[in-house]
Amino acid sequence: MSELSSHTGNITVPYTPPPETPKLSPREWVKENLFSSPFNSALTVVTTIILLAVFRGFLSFIFNPVRQWDSTATNMQLFMTRAYPDEQYIRVWFCVAVLLTLTGVSMAVWQAGSTVPVAGLGRKLLATGALLALLALLAPFSASATVQWLAAALAVAAIGEAIRRFAGRGESERTVSSLTVLVVTLAGLVTSLWVVPYGHHSYIAKRVPRVLAEPGTVALTTKLPWTIMLLIVVAAYFAGRLMRNRLPTNPTRATLLMLWLLAPFFLTYLVLRDPDFDMGHVLSTDLPIFAAYAVGGAVLLSWLTRPSTGETGRVVAVLILVAGFCTFLTPMRQVVRLDMLLLATFALAAPTFAGGPRARRRYIFGWLGVLGVMSWLITSINTPSTVTVPGGFFIGGFSITLFIAFIALVISFPLGIALALARTSSMPIFRQLATGFIEVVRGIPLITVLIFFSIMVPLFLPRGMHLGEVAAVAIGYVLFSSAYLAENVRGGLQSITRGQHEAAEAVGMTTAQKTVFIVLPQALRVSIPPLVGHCIGVFKETSLLAIIGVFDILYIGRIVIPGQTEFMGSTRENVLFVSVIYWIFAYQMSKASQRLERRTGLGER
Amino acid sequence: MTDTTAAEPTGGQTRDLSGARDMIVCEDVSKWYGDFQALDGVSATIKEQEVVVVLGPSGSGKSTWIRCINRLEIHQEGRIVVDDVELTNDLRNIEKVRSEVGMVFQQFNLFPHLNILDNVTLAPIWVRKKPRAEAEAQGMALLERVGIPEQAQKYPGQLSGGQQQRVAIARALAMEPRIMLFDEPTSALDPEMIKEVLDVMKTLALSGMTMMVVTHEMGFAKEVADRLIFMEGGQIVEQNTTELFFSNPTEERTKLFLSQIL
């Protein structure tokens with residue numbers, strides 16, 4: 001504003017504040033919003049009655065003494081990782097620690113959290129206490145239980161009121177960081193692990209003396225690990241604050257994003273699966289291949305990115321692409337083929353996306369980095385695991401839900417964008433291939449795709465390459481997801497005005513540069529809401545894994561646990577628990593999307 | 001080619017360009033949109049350092065013509081040669097011409113997701129392959145030249161229309177073009193912002209840039225243009241030096257147009 005007004009001269013306009021909206025007392029607020037007209041009053045009363053009835057029904061389900069909630073608490077390990085061996089369980093905790101460290105650092109670097117007024121917090125606690133009291137009166141408890149609940153509710157309400165009064169004293173409004181509130185809440189939860197005897201304690205004490213004989217396994221006593229985890233998050237957050245103050249912002253953020261992208265692969269393959277590398281073989285075969293590609297590729301790319309190379313470079317790049325396809329005609333190690341295709345991709349993009357000398361150097365380092373990650377991944381996937389898990393794949397339960405959802409999204413994003421670009425491009429072959437693919441995949445139910453891939457993909461693989469069933473299914477998810485994603489992105493692409501294309505063309509950008517720097521950033525920003533909807537959809541659709549016999553979290557909750565002799569018929573409890581888990585994660589994605597929309601200024605600029 | 005009496009000192013800029021080389025040559029350029037003929041045998045030559053203003057009623061084909069010169073529209077007949085490069089379907093020629101020709105649009109068309117400095121430096125970095133630091137120094141110098149260096153870190157949506165159009169001019173200049181095309185640069189602006197854009201264009205013209213301007217700003221045409229071209233129905237009706245065009249128009253249609261607009 002100050003810059004704009006300085007142009008119009010130095011006239012100081014006296015500032016008149018807008019008239020204050022009068023603050024309504026609770027009684028007036030209720031009258032204005034809930035009982036403003038006879039119809040509105042009737043609606044309010046009816047809705048309240050329905051809500052109370054639903055609430056009561058729900059509560060009587062949850063607090064019915066018949067419910068076997070200890071089946072959920074006892075089987076938490078099964079839910080999360082299925083049959084991952086106890087003696088290796090420290091690996092799982094290591095993974096959790098790495099992810100939480102990243103979370104803590106990222107929260108600090110991206111300045112997550114906001115300041116909330118203490119008084120508001122007190123009011124919220126007060127309301128929670130009132131709700132708990134209502135719950136205690138409504139729920140079909142025994143008299144003594146009702147009294148206990150009421151006492152707890154009143155205690156919460158009293159604490160809320162005390163905080164509110166305390167915050168009200170003094171002139172300035174007291175605020176607290178929402179992160180502090182979060183940490184205090186989590187600390188409360190972790191403390192409760194030490195104090196409250198949750199399901200598995202009573203279960204172990206009562207029924208399984210075998211486990212008590214060896215109580216030291218990490219998996220069964222979650223209180224110590226979770227305490228450590230909480231400390232790790234807090235420590236990571238403060239480390240992140242230091243990084244934010246000391247290091248340049250953008251490189252730090254880019255590095256963190258990179259780590260987030262790589263961490264799931266790294267953790268799954270190196271930590272959870274623990275590939276049993278045959279070092280002799282790696283040194284004699286894999287390393288030389290990598291070194292050859294690294295050196296050859298770097299030399300080639302440094303030549304291609306010279307400004308003077310020009311059109312010859314593009315021809316050479318196309319030749320490499322052809323060579324990459326030719327490698328599929330002869331028997332050859334998989335890594336040689338894939339690295340060749342990767343090199344072709346880098347070579348094709350080189351003249352367009354490498355600029356001055358620094359940009360050229362970064363491009364070559366980018367090649368080395370991507371090559372390294374790819375080579376390592378391919379080698380790891382094709383190496384047998386040292387972790388033996390009864391019943392096949394090395395993870396299961398919620399881990400496999402997260403793993404499949406992550407793989408499907410990370411790989412289908414570039415694929416979907418490529419499909420959308422192909423479908424809107426002016427090149428007829430690409431356009432028709434993309435359109436055909438999208439229409440075919442969208443016309444088939446996901447279950448069909450999954451069954452097809454779990455049975456058929458192993459038949460198509462070249463000899464000597466093994467792909468677990470889950471990997472085959474992951475491919476099915478990727479293809480399915482990319483088709484839908486392509487349509488979402490296409491919607492965004494069509495929202496870019498003709499003027500943007502013309503402006504980019506008029507400054508001499510090539511089509512590729514125009515797409516990457518001008519069209520895609522704007523198109524993706526417009527498509528954030530549908531894309532996040534898609535992410536949530538993919539995350540939830542992983543529950544279809546159960547159909548083809550993979551033990552995901554829903555399958556465990558629906559079939560496995562109710563099949564245990566101790567917990568016969570506990571389907572409803574466990575499915576309810578599973579749906580809560582799904583909801584928590586889906587809701588977090590939704591919140592993240594809202595933050596992303598605000599940050600990118602969607603709908604504002 | 002209808003040559004003008006360029007030897008006489010005329011118009012706003014009194015100078016002799018008869019010896020200068022040809023920057024833009026159009027020969028019998030024709031273009032159709034479906035059955036509608038937008039350009040009908042347009043022929044003209046623009047010399048180096050010359051400032052040409054194209055006038056005409058709306059729908060007369062002046063915007064189409066100027067957009068043909070950097071191949072945003074494709075002409076179907078005739079020849080367009082820009083700085084000795086002929087515009088054909090050859091992509092390399094098109095890219096070469098586009099990087100030599102700067103264009104300013106009626107609707108500014110700034111990139112809304114990039115800040116002002118990035119708007120200006122994007123093309124030099126990726127098309128001209130300049131090191132970022134150099135491109136940014138040049139970008140700041142250009143923003144200085146169009147009078148808004150303090151806005152460098154803002155986004156286009158935060159700027160007024162006149163400021164946005166000045167950024168658009170800076171963005172075009174960052175490619176160090178030899179020719180600048182202006183497609184009704186002030187038509188979407190409030191009256192009080194028109195002046196700030198025209199001032200920038202005047203300084204640019206005085207610095208010796210070859211310019212082709214589609215505009216309705218008669219004051220600007222009188223003051224700055226070497227030559228005026230009047231179009232109607234996709235044809236060039238009349239072209240003449242600025243002074244003769246206003247004082248002594250030959251065609252009836254031109255007289256009518258001038259009587260309405262002045």
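Below, chains carry the letters A, B, ... as their sequence lines are ordered, and counting in each starts from 1. Computed from a predicted model, the values in this text were never measured in an experiment. Note that these values count all heavy atoms, side chains included, but never hydrogens, waters or copies made by symmetry.
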Could you tell me whether B:Lys195 atom NZ has more than 12 heavy atoms of other residues or ligands within 6.0 Å of it?
no
Return the option, out of B:Arg171, B:Lys130, B:Glu196, with the maximum number of heavy-atom pairs under 4.5 Å with chain A.
B:Arg171
Spell out, as yes or no, whether a donor-acceptor pair under 3.5 Å connects the side chain of B:Gln164 to the backbone of B:Pro156.
yes
Between B:Phe105 and B:Arg67, is there a cation-pi geometry (under 6.0 Å to ring centre, at most 45° from the normal)?
no
Counting only non-hydrogen atoms closer than 4.5 Å, does B:Leu91 touch chain A with its backbone (N, CA, C, O), its side chain (CB onward), both, or neither?
neither
So, the part of A:Ala359 with a heavy atom under 4.5 Å from chain B: the answer is neither
For the residue pair A:Lys514 and A:Phe517, would you count it as a cation-pi contact if the rule is NZ or CZ under 6.0 angstrom from the ring centre and within 45 degrees of the ring axis?
no
Under 4.5 Å heavy-atom distance to chain B, tell me which part of A:Thr497 shows up: side chain, backbone, both or neither.
neither
Measuring heavy-atom distances to chain A, does B:Val104 have an atom under 4.5 Å in its side chain, in its backbone, in both, or in neither?
neither
For the CZ atom on A:Arg244, are there more than 12 heavy atoms of other groups (residues, nucleotides or ligands in this structure) within a distance under 6.0 Å?
yes
Test: B:Arg21 and B:Asp84 ion pair at under 4.0 Å:
yes
Which region of B:Arg92, side chain (C-beta onward) or backbone (N, CA, C, O), has a non-hydrogen atom less than 4.5 Å from a non-hydrogen atom of chain A, or is it both or neither?
side chain
Which bit of A:Gln513 comes within less than 4.5 Å of chain B, counting heavy atoms only: side chain, backbone, both or neither?
side chain
